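As the structure is a prediction and not an experimental result, all values here were calculated from the model. Residue numbering restarts at 1 for every chain, and letters A, B, ... go by the order of the sequence lines. All values below come from the heavy atoms of this structure, side chains included, with hydrogens, waters and symmetry mates left out.
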Protein chains: 2
Amino acid sequence: MKKQSVTIYTVAREARVSMATVSRVVNGNPNVKPETRKKVLEVIKELNYRPNAVARGLASKKTTTVGVVIPSVTNDYFARLALGIDDIASMYKYNMILTNSDADDGKALQVVRSMMAKQVDGIIFMGHDITPELQTEFENSTIPVVVAGSMTNDADLATVRIDYRKATQEATTYLLEHEAKKVALVIGSQLTTVNKDFRIPGYQAALEAAGVAFDDGLIFEAHDSYSEGYELAETIKNAGVDAAFVSDDGIAAGLLNGLTDLGVDVPGEFQLITGNDTKLAEVTRPMLTSITQPLYDIGAVSMRLLTKLMNGDQEESQEATTIEGSSIILNHGFVKRQTTH
Amino acid sequence: MKKQSVTIYTVAREARVSMATVSRVVNGNPNVKPETRKKVLEVIKELNYRPNAVARGLASKKTTTVGVVIPSVTNDYFARLALGIDDIASMYKYNMILTNSDADDGKALQVVRSMMAKQVDGIIFMGHDITPELQTEFENSTIPVVVAGSMTNDADLATVRIDYRKATQEATTYLLEHEAKKVALVIGSQLTTVNKDFRIPGYQAALEAAGVAFDDGLIFEAHDSYSEGYELAETIKNAGVDAAFVSDDGIAAGLLNGLTDLGVDVPGEFQLITGNDTKLAEVTRPMLTSITQPLYDIGAVSMRLLTKLMNGDQEESQEATTIEGSSIILNHGFVKRQTTH
DNA sequence: CTGAAAGCGCTTACAG
DNA sequence: CTGAAAGCGCTTACAG
């Protein structure tokens with residue numbers, strides 16, 4: 001339709017006011033005489049004026065966009081978090097720049113740098129441990145970052161998550177109390193903070209309480225894919241294991257189907273509990289008994305926390321959640337389905 | 001570390017050159033004497049200078065960010081497309097602003113406007129038919145948009161997808177040729193362009209070729225959720241249907257599990273083919289026979305097309321794909337798994 | 001309640 | 001190969 005883009009200057013000229021006044025009405029500043037506002041609004045409508053957010057960002061040093069780094073959108077666990085983030089972001093008029101890190105340290109660093117170059121007002125980080133370079137990047141920057149639905153080795157970062165230690169302990173205890181003799185733990189890397197300092201200790205605590213000796217040969221590593229879980233079935237079966245707590249649903253689903261295809265009766269001969277509370281857990285047959293997590297809420301609370309941090313608010317603590325340092329711990333649950341007694 | 005942010009001006013001062021020169025080396029302009037470039041690069045490194053992309057965007061009128069509207073990140077079909085988009089975007093140094101439209105027309109319009117205000121260089125749209133308002137928005141704008149993995153009522157929009165008509169026809173024909181007597185079609189809304197003009201005609205063509213009368217009572221609507229598919233099982237069973245082609249995997253998985261729970265033997269008494277080639281199809285037991293789609297590629301090709309459009313290139317046509325108007329049609333496939341004979 | 005002016009941090013002709 | 005200057009489209013004190 002129009003070639004020349006209409007700017008705040010055009011509006012000011014047509015409305016016979018200054019650019020400052022147009023800026024005021026656009027930004028809802030109350031210090032504008034009603035009739036002036038009315039006139040300006042008319043011209044804006046007539047000209048179909050749309051403020052240029054880039055110019056606004058440069059002048060105000062606020063872009064109303066946040067960066068979100070996600071290991072993979074294709075993992076339903078993270079996708080559900082992202083949905084919660086996006087909804088709250090929209091509610092607060094923020095846009096999100098979303099980038100996959102592919103769980104690759106180099107990519108994560110590059111992605112964060114790119115977001116910072118774009119002057120995002122804050123960052124939500126999903127993923128596991130971070131490199132010293134990325135840590136430095138976060139420290140040297142003044143923009144707030146919150147870690148959502150995961151943990152990193154950087155204890156200074158605010159995080160929103162469940163209590164992974166307790167969840168793992170409960171799942172393990174459940175298995176032990178339901179006739180399981182040899183309970184395996186299936187996680188990602190054992191060296192990662194969330195596993196090393198939370199899941200494994202939770203698993204060990206459950207064993208100890210039940211008077212069962214810890215055997216590190218019963219900890220299996222698998223990364224987030226269905227096929228790795230499927231292939232793990234044979235190994236885990238040969239290890240004489242009769243139950244497992246699996247942190248990731250994709251792996252749990254693969255393991256379940258792998259075991260079934262091997263002729264193992266689940267839950268008759270093998271019990272299984274999964275940990276991410278993804279849709280997958282209800283699609284498999286038998287359906288997976290699971291730790292439940294408020295996935296959407298974890299995303300939503302993360303974004304909410306970030307808005308507070310971006311506005312320089314103090315972190316509040318009135319909610320029905322626990323705060324540990326800079327962490328917000330949401331409650332998890334447990335649902336018995338068909339892969340356990 | 002540093003309070004004052006270092007700008008191009010700081011670098012220019014320290015390197016004893018003009019801002020224009022610094023700009024040239026940052027942007028890889030070859031017209032810079034090697035020793036000058038070296039000096040500038042040193043200062044940049046020393047000061048840890050990072051160009052401000054917002055300022056650059058304002059000055060150059062290019063933001064190197066694209067907008068991506070997605071019905072739901074939580075649907076693996078769209079998530080896979082988004083992954084392809086993101087990878088190619090990263091390759092070309094673009095960032096993506098990703099927003100869920102929740103398949104809500106009002107939200108989609110608002111989201112697109114917000115992206116345009118942020119001066120994105122292009123838009124990738126996923127979703128079904130669009131409102132006149134959104135259509136107007138696209139028309140009045142000069143930024144390119146490509147529709148990925150879906151179809152809209154706006155034939156002017158470039159789109160990258162498979163041939164939905166042919167895929168539906170093939171699936172239906174397969175069923176008909178494998179003892180199915182009464183084949184249902186399970187889709188979203190019948191009024192949507194992709195269904196009205198492609199899937200339903202494909203279904204009809206298959207019936208006709210097999211000499212089977214068309215019965216519109218055999219077209220069932222369900223939207224993209226597992227539970228709706230599950231609940232559909234009883235209805236579809238009571239309709240005396242013995243086979244179905246389902247466009248969405250979530251619905252297909254729900255339908256499959258619903259039928260199984262009703263005591264219907266799949267594929268013995270009921271055959272099923274699904275259409276989105278999502279991970280879900282391999283997780284269910286029995287595994288779902290499916291139309292296969294190059295999901296990642298659809299996303300990747302969409303983003304590649306968009307980069308060409310953003311650079312004002314002509315659309316090329318040398319690839320192993322069909323071009324229909326402004327559409328790029330990628331090849332689909334078929335994989336027989338366990339829900340068909 | 002309103003306006004003039006400077007400034008945000010870059011790029012882009014233009015001139016040399 | 002390099003620099004001076006204008007300009008991108010806003011917001012932000014400041015003054016009145």
So what does A/Val26 hit on the nucleic acid, given a heavy-atom distance under 4.0 Å: a base, only sugar-phosphate, or nothing?
nothing
Take a 6.0 Å sphere around CZ of A/Arg13 and say whether it holds more than 12 heavy atoms from other residues, nucleotides or ligands.
yes
Regarding A/Val54, tell me which of base, sugar-phosphate or nothing describes its non-hydrogen contacts under 4.0 Å with the strands shown.
nothing
Considering heavy-atom distances to DNA chain D, does A/Val22 or B/Pro30 have its closest nucleotide positioned more toward the 5' end?
B/Pro30
Examine distances only and state if a side-chain atom of B/Asn100 and a backbone atom of B/Asp102 form a donor-acceptor pair shorter than 3.5 Å.
no
Could you tell me whether B/Glu42 and B/Lys38 make a salt bridge, using a distance below 4.0 angstrom between a side-chain N and a carboxylate O?
yes
Say you draw a straight line from CZ of A/Arg113 to CG of A/Leu134; how long is it, rounded to the nearest 0.5 Å?
9.0 Å
Min and max contacting nt of DNA chain C in 5' to 3' order, chain A heavy atoms within under 4.0 angstrom, are C/dC1 to C/dG9
Partners meeting side chain to side chain donor-acceptor pair (under 3.5 Å) with B/Asp297 (sequence neighbours left out):
none
Does any donor atom in the side chain of B/Thr193 or B/Asp129 lie under 3.5 Å from an acceptor atom in the other side chain?
yes
Touch check for A/Asn31, heavy atoms < 4.0 angstrom, all strands: base, sugar-phosphate only, or nothing?
base
By nearest-nucleotide position on DNA chain D, the 5'-leaning member of B/Ser18 and A/Met19 is B/Ser18
Take N1-N3 plus N6-O4 or O6-N4 for Watson-Crick, N1-O2 plus O6-N3 for G-U, both under 3.5 Å. Which runs of 3 or more such pairs involve DNA chain C?
C:1-3 with D:14-16, C:5-12 with D:5-12, C:14-16 with D:1-3
CG (B/Asp86) and CE (B/Met91) are apart, to the nearest 0.5 Å, by 11.0 Å
Looking just at side-chain N and O atoms, do A/Asn27 and A/Ser23 make a donor-acceptor pair shorter than 3.5 Å?
yes
